Amino acid sequence: MPMLHFHPGGRFLQVSTVGCNFDCPGCISTVIVREMNPKSKALQELTPRQIVEKAIQCECLGIAFLMNDPLAAFDTFLAVAELAKEKGLYVGCSSNGYFSEESVNKLLPVLDFINIGIKGLSDELYRACAGFKGVAPVLRNIGMLHRGGVHIELACIHKKDNSEELLELCTVIRDISPGIPLQVMRFIPLEGADPGQEPLIRETEALSRLMRAHLPHVYVFNSPGTQELDTICPSCGETVFSRDFYGPMGARLQESVWPRKEGIACPQCGQPLDVRGAVHVSDFREKDFQGGYPFTRALEIVESILIAIGVEDKAEVVKVWEYLLCNGKMHDLHHDIQRVETYVQMIRFFGGLVHREDSANILADYLAAKTEVVRSVCRKRDTRPRVYYAMGKPQFCIKGERFENGLVEICNGISVNREISVRGRPGESIPLNVLEELNPEIIFISAFISNSPEDFYQECVEKGLDIDAVRNRRIHTAPIPSSDFGCPKWILGLMNIANEMHRGGERPFDIFKEATEFYARFYGMPFNMRDVNRSFGKPNSAWTWADGARRLSPVSL
């Protein structure tokens, strides 16, 4: 949960329900708020007392509702919150903030912290999400919660066309309280969102620096490797807290120069900071797909496979989700998506669960056969280049065991990511000298949370990064978003890696021709690059479950 100034590093029990009072385009929680059946066997039905006991058992400071809005189950939220407060636990939530005044007054006695996602300052944006009274109720509620002593952090999305609006938002928030942190979520186009609205990391970072002139605590999310997640003393510029990217909408405290006590102030100038609670430094790490939005990405990966084998009804997708969740199989899923061989086996297994064995075999055979073609082409090369896989920015190194590094090895490359130990999610930032010691000849940037090769190269030059890949400008990313991990179109990313690692002569694979064939065979639709966004689950931004019901199952050609 994106909460940076409330008990930094503290452990909280995360709870969510299903459904939402809003219906926002490009929602990252779609699989929870729209597609998961409220009566699904995959959901645990717990009493408020059981939830509170779980939090105490796990030595949590409190309970946080997130991923869907507490308004979707407001009475349940209040019941848990009231009991938690009786037991001395903190209570917080993520919300769109579209409460009535009566609801805010019910929250004030039991709510300690809240992250409110602001859609913008225009009434039209709220009406597009079903907030028919516009933005006014949210701004009113922020003021009410602040006056009521609730710790507030705000989140907003930066798109290509809303920079001026976000600068104006800073002045509006400053008038309520300059101490409120504002989290800028760089837009990742998912579900039905327009891919053309995604800004570059460089653009969001530049905007955040302008915003900080109006509001002291502005942070940049969804940008692996950025330093704009650090807390800077607004008085002297000293870095107080360092943070690293920790998955979509996530950040993790790296280190602190502070004693673990209340009343945090800058060590350089003594300026008090707008941080509530003590600093908690621990090495606790969630398992696999636990903790916030990585869980929804996991469900999307499953959905992407089922769509590609011809599943026509989202109820069938939920059936597979239920199987995985009810049988403790999320760890197996995390393992199986990291290697081509187990990924292919997983497709066949899912096909059996939904009685689409033939369609599953067609997709599995296609991926296996294409992989062998790539492997055969790449084995003919005399050399094995050293390859580094980054996400976002140069120093953010993805874990060595991840799927992308296996694709590099299929293409007869040496994955330097496997030569060092990194943690984090899906990796972590590494020092420049470590990257120089690895000295990769080629760099690939993740096709999910990505960057332009030009911006990536320029940052390498500005940092003085002296490695072969920079000297020879061999920095690449897949032309098709989200095509090197997760969904079955990773085969297109594999072919792109093979092309970029192939020195001289004609490239062995025509990626757009292959994509056209793939979309026709497995999605029953034409491939249009302009419609493809960064969703794992859906083939493009226009795809709906009605499209799935109209198409034929995959066929062998």
Side-chain angles (χ1 to χ4, degrees), residues 1-3 6 12-40 43-46 48 51 62-82 84 90-108 110-120 123 125-146 148 150-157 183 185 188 190-193 221 248-250 291-293 295-296 299:
M1 177 180 177
M3 182 59 58
F6 187 86
F12 287 76
L13 180 68
Q14 295 183 339
V15 180
S16 63
T17 57
V18 297
C20 189
N21 59 316
F22 272 18
D23 186 12
C24 304
C27 175
I28 195 171
S29 296
T30 288
V31 293
I32 294 293
V33 303
R34 296 180 193 166
E35 296 178 358
M36 181 70 79
N37 188 330
K39 298 181 180 179
S40 170
L43 300 175
Q44 296 184 58
E45 187 171 340
L46 300 175
I51 292 171
I63 297 171
F65 276 67
L66 75 166
M67 287 171 42
N68 77 315
D69 204 282
L71 280 168
F74 193 60
D75 290 340
T76 300
F77 174 80
L78 288 176
V80 173
E82 289 166 359
Y90 295 112
V91 176
C93 65
S94 287
S95 172
N96 53 50
Y98 222 71
F99 301 101
S100 66
E101 289 186 69
E102 180 185 3
S103 295
V104 173
N105 286 324
K106 288 182 179 179
L107 285 173
L108 287 175
V110 295
L111 192 66
D112 297 292
F113 62 96
I114 187 170
N115 182 297
I116 295 179
I118 297 185
K119 309 304 175 184
D123 291 344
L125 285 169
Y126 274 88
R127 287 168 185 151
C129 297
F132 299 113
K133 293 186 178 181
V135 65
V138 177
L139 298 178
R140 177 202 66 208
N141 294 341
I142 292 171
M144 289 180 65
L145 291 164
H146 174 68
V150 177
H151 175 81
I152 301 170
E153 303 197 17
L154 304 177
C156 60
I157 294 175
Q183 305 165 359
M185 303 291 173
I188 301 176
L190 303 171
E191 295 298 319
F221 282 71
M249 315 297 183
Y293 293 103
F295 171 70
T296 65
L299 299 185

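As the structure is a prediction and not an experimental result, all values here were calculated from the model.
Separation of atoms CZ (Phe221) and CD1 (Ile157) is listed at 13.0 Å; rounding is to 0.5 Å. Atom CD1 of Ile51 is separated from atom CG of Leu46 by 5.5 Å, given to the nearest 0.5 angstrom. Atoms CG and CE, from Asn115 and Met249 in turn, are 10.0 Å apart once rounded to the nearest 0.5 Å.
Remark: Phe6 engages Tyr90, Phe113, His151 in a ring pair (Phe, Tyr, Trp, His ring centres under 6.0 Å) (not counting sequence neighbours). For Glu102, the side chain to side chain contact (heavy atoms under 4.5 Å, CB included) partners are Ser100, Lys106, not counting sequence neighbours. Under the rule for a side chain to side chain contact (heavy atoms under 4.5 Å, CB included), the partners of Ala81 that lie at least two apart in sequence or sit in another chain are Val91, Val110.
Phe65 places a side-chain heavy atom less than 4.5 Å from the side chain of Val80. Residues Leu107 and Ile114 have side chains not in contact (no heavy-atom distance under 4.5 Å, counting atoms from C-beta outward). Counting heavy atoms from C-beta outward, Val150 and Asp112 have side chains that stay 4.5 Å or more apart. Side chains of Leu145 and Ile116 form a contact here, defined as non-hydrogen atoms less than 4.5 Å apart.
Taking every heavy atom of both residues into account, Asn96 and Lys119 meet most closely at CB-CE, 4.3 Å. The two residues Cys93 and Leu111 make their nearest non-hydrogen contact at SG-CD1, 4.2 Å. Between Phe77 and Gly92, the shortest heavy-atom contact is CE1-O, 4.1 Å. Nearest heavy-atom pair across Glu153 and Gln183 is OE1-NE2, 2.9 Å. A pairwise comparison of heavy atoms in Gln14 and Leu66 identifies CB-CD2, 3.4 Å as the closest pair. Residue Ser94 comes nearest to Pro70 through the heavy atom pair O-CD, 3.2 Å, listed as atom of the first residue, atom of the second, then distance.
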Exercise for review: Take Val135 and Asp123 through the side chain to side chain contact (heavy atoms under 4.5 Å, CB included) test and state the conclusion after the steps.
Suggested key: CA-CA 5 Å; Val135 65; Asp123 291 344; 3.7 Å; yes
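With hydrogens and angles left out, the side-chain atoms of Asn68 and Ser16 include no donor and acceptor closer than 3.5 Å.
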